[in-house]
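Everything below concerns the one structure shown next.
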Amino acid sequence: MRTMALIKRIIKQMVRDKRTLALMFVAPLLILTLMYFLFNGNTVEPKLGVSGVDTSLIKALKNADIKVREYENVTKNTVVDDDLNGLLVQKDGQMNLTLQNDDPTSARGLQAKVNQTVVAIAESKLIQQNPALAGMMPKKIETNYVYGNKDTVFFDVLSPILVGFFVFFFVFIISGIGLLRERTTGTLERLLSTPIRRGEIVTAYLAGYGMFAVIQTCIVVFYAINVLNIVLVGSIWNVLLINLLLALVALSLGTLLSTFAASEFQMMQFIPIAVVPQIFFAGIFPLEGMADWLQVIAKLFPMFYAGDALRGVMYKGFSFSEISGDLLALVIFALIFVILNILSMKKYRKL
């Protein structure tokens, strides 16, 4: 009987907590739906630039599901400037394939397709009947890489994003639960009963938790680079700047969402809604293969910009000017969340 009474009490408590029930039943459906669209996106055909290549090979490359773009003159920056996955140049009987290699998995796939197509053309009956054309088909393709090298693996691209995500995740949790405790213990209510302004409270909390966020960010970044030997081509100061801005965004978002939670349990329930989608849109999954509406939604998440900036600096060696747009987006997110924090404090002020 006592066990049944306890069960009834738990059921009644859960039924009264409409927010918990909604997050428990709706959040998994939202995440599952999001993953469905992500993993069922369209396959993106690789973009290959060609110069000096025979028309029969161009036709064969197109038949191999490769988007071919023909050039008369190319430079060493053509691949990056035109956002090509690769560039195939034939000159003096020698073929050179330059891969952008921003996604090592896709780069290897494109390289394999090009090699197979060249070999197939070289061995075809048409080539055997035309010795002049056969002489144009080299037996070996020299391969160069814009980013990374032949030993680069997908984790080299993924690791910068993971560094940013872990900074975001743990700062979000610590700041959210920290401010929640201030509310549940009555500290925040007593503060708001004094003449102190809401903006001063928000600034103080952000600065206080922010100091620990800075320390955590530095530890994560230096550990990842110096101990785990995660690839770093650009400046470590740019990496720190990106992660510090991301930590500020996570800090302000965590404190904002904590105002809508009544307990640590409810705060943790915001993770599937506010945190998990961040990793999907951070650059791990190629946006080009997503539906147009998903590409728009991706740009509403801070990790989209942080992931792009971190991958640009750590893997591609981008400079400050090249990531300035992503940094500006993070600053805007932080300002929006800070303003919303100040406004949300109003409902707790009794006087």
Side-chain angles (χ1 to χ4, degrees), residues 41-124 126-127 130 132-150 152 154 156-157 233 283-292 294-296 298-299 304 308 311-312 315-319 321-323 325-326:
N42 298 323
T43 302
V44 179
E45 294 181 351
K47 293 177 289 185
L48 178 68
V50 296
S51 177
V53 175
D54 186 78
T55 54
S56 61
L57 179 55
I58 294 176
K59 183 177 180 181
L61 290 170
K62 291 180 179 179
N63 291 335
D65 295 326
I66 299 175
K67 290 183 178 179
V68 179
R69 183 172 177 179
E70 298 182 51
Y71 292 86
E72 291 185 4
N73 299 306
V74 294
T75 66
K76 62 180 182 180
N77 296 323
T78 299
V79 175
V80 176
D81 292 342
D82 293 350
D83 194 24
L84 301 173
N85 298 106
L87 176 65
L88 182 65
V89 178
Q90 183 170 348
K91 186 177 181 181
D92 300 329
Q94 176 62 43
M95 272 191 181
N96 183 284
L97 176 63
T98 301
L99 297 171
Q100 184 172 166
N101 204 31
D102 58 338
D103 183 347
T105 304
S106 299
R108 287 194 178 93
L110 176 59
Q111 183 181 16
K113 279 187 176 182
V114 171
N115 287 333
Q116 290 170 2
T117 304
V118 170
V119 170
I121 288 292
E123 294 179 350
S124 67
L126 177 62
I127 300 300
N130 191 338
L133 187 58
M136 295 176 60
M137 294 299 167
K139 297 179 180 179
K140 183 179 179 181
I141 301 177
E142 182 181 347
T143 305
N144 300 312
Y145 301 86
V146 177
Y147 306 121
N149 52 52
K150 64 178 181 179
T152 301
F154 181 65
D156 292 326
V157 182
V233 180
I284 295 177
F285 301 97
L287 288 177
E288 294 82 3
M290 298 182 187
D292 292 340
L294 270 179
Q295 295 185 37
V296 173
K299 296 177 181 178
F304 169 82
D308 184 60
R311 185 172 54 181
Y315 181 67
K316 300 180 180 180
F318 283 3
S319 63
S321 60
E322 291 174 298
I323 61 169
D326 291 323

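Once rounded to the nearest 0.5 Å, the distance linking CG of N101 with CG of N144 reads 11.5 Å. In this structure, CG on L97 lies 10.0 Å from CD on E142, to the nearest 0.5 angstrom. Atom-to-atom distance recorded for N96:CG and L88:CG is 8.0 Å, nearest 0.5 angstrom. Within the model, atoms CD1 of I66 and CD1 of I58 stand 12.0 Å from one another, a figure rounded to the nearest 0.5 Å. Interatomic distance, CG of N115 versus CZ of R108, reported as 13.0 Å (0.5 Å rounding).
Under the side-chain contact (heavy atoms from CB on, under 4.5 Å) criterion, V233 pairs with V231, sequence neighbours left out. Residues satisfying the side chain to side chain donor-acceptor pair (under 3.5 Å) criterion with T143, sequence neighbours excluded, are Q111. For D326, there are no side chain to side chain donor-acceptor pair (under 3.5 Å) partners two or more places apart in sequence or in a different chain. The side chain to side chain donor-acceptor pair (under 3.5 Å) test applied to S321 returns S319, not counting sequence neighbours. For D65, there are no salt bridge (charged side-chain N to carboxylate O under 4.0 Å, His left out) partners, not counting sequence neighbours. Considering only residues two or more places apart in sequence or on other chains, Q116 meets the side-chain contact (heavy atoms from CB on, under 4.5 Å) condition with A112. The side-chain contact (heavy atoms from CB on, under 4.5 Å) search around F304 returns L287, A298, K299, not counting sequence neighbours. Partners of D82 by side-chain contact (heavy atoms from CB on, under 4.5 Å), not counting sequence neighbours, listed by chain and number: R69, Y71, T78, L84. Remark: K113 engages no residue in a salt bridge (charged side-chain N to carboxylate O under 4.0 Å, His left out) (not counting sequence neighbours).
The two residues A107 and L99 make their nearest non-hydrogen contact at O-CD1, 3.8 Å. The shortest heavy-atom contact between A60 and T117 is CB-CG2, 3.4 Å.
For the side-chain contact (heavy atoms from CB on, under 4.5 Å) with V79, the lone residue among N85, L48, L87 that qualifies is L87.
The aromatic rings of Y147 and Y315 lie tilted to each other, with the angle between the two planes from 30° to 60°.
Side chains of D83 and Q100 form a contact here, defined as non-hydrogen atoms less than 4.5 Å apart.
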Task: From CA spacing to verdict: side-chain contact (heavy atoms from CB on, under 4.5 Å), V157, D103 - done: CA-CA 7 Å; V157 182; D103 183 347; 6.0 Å; no

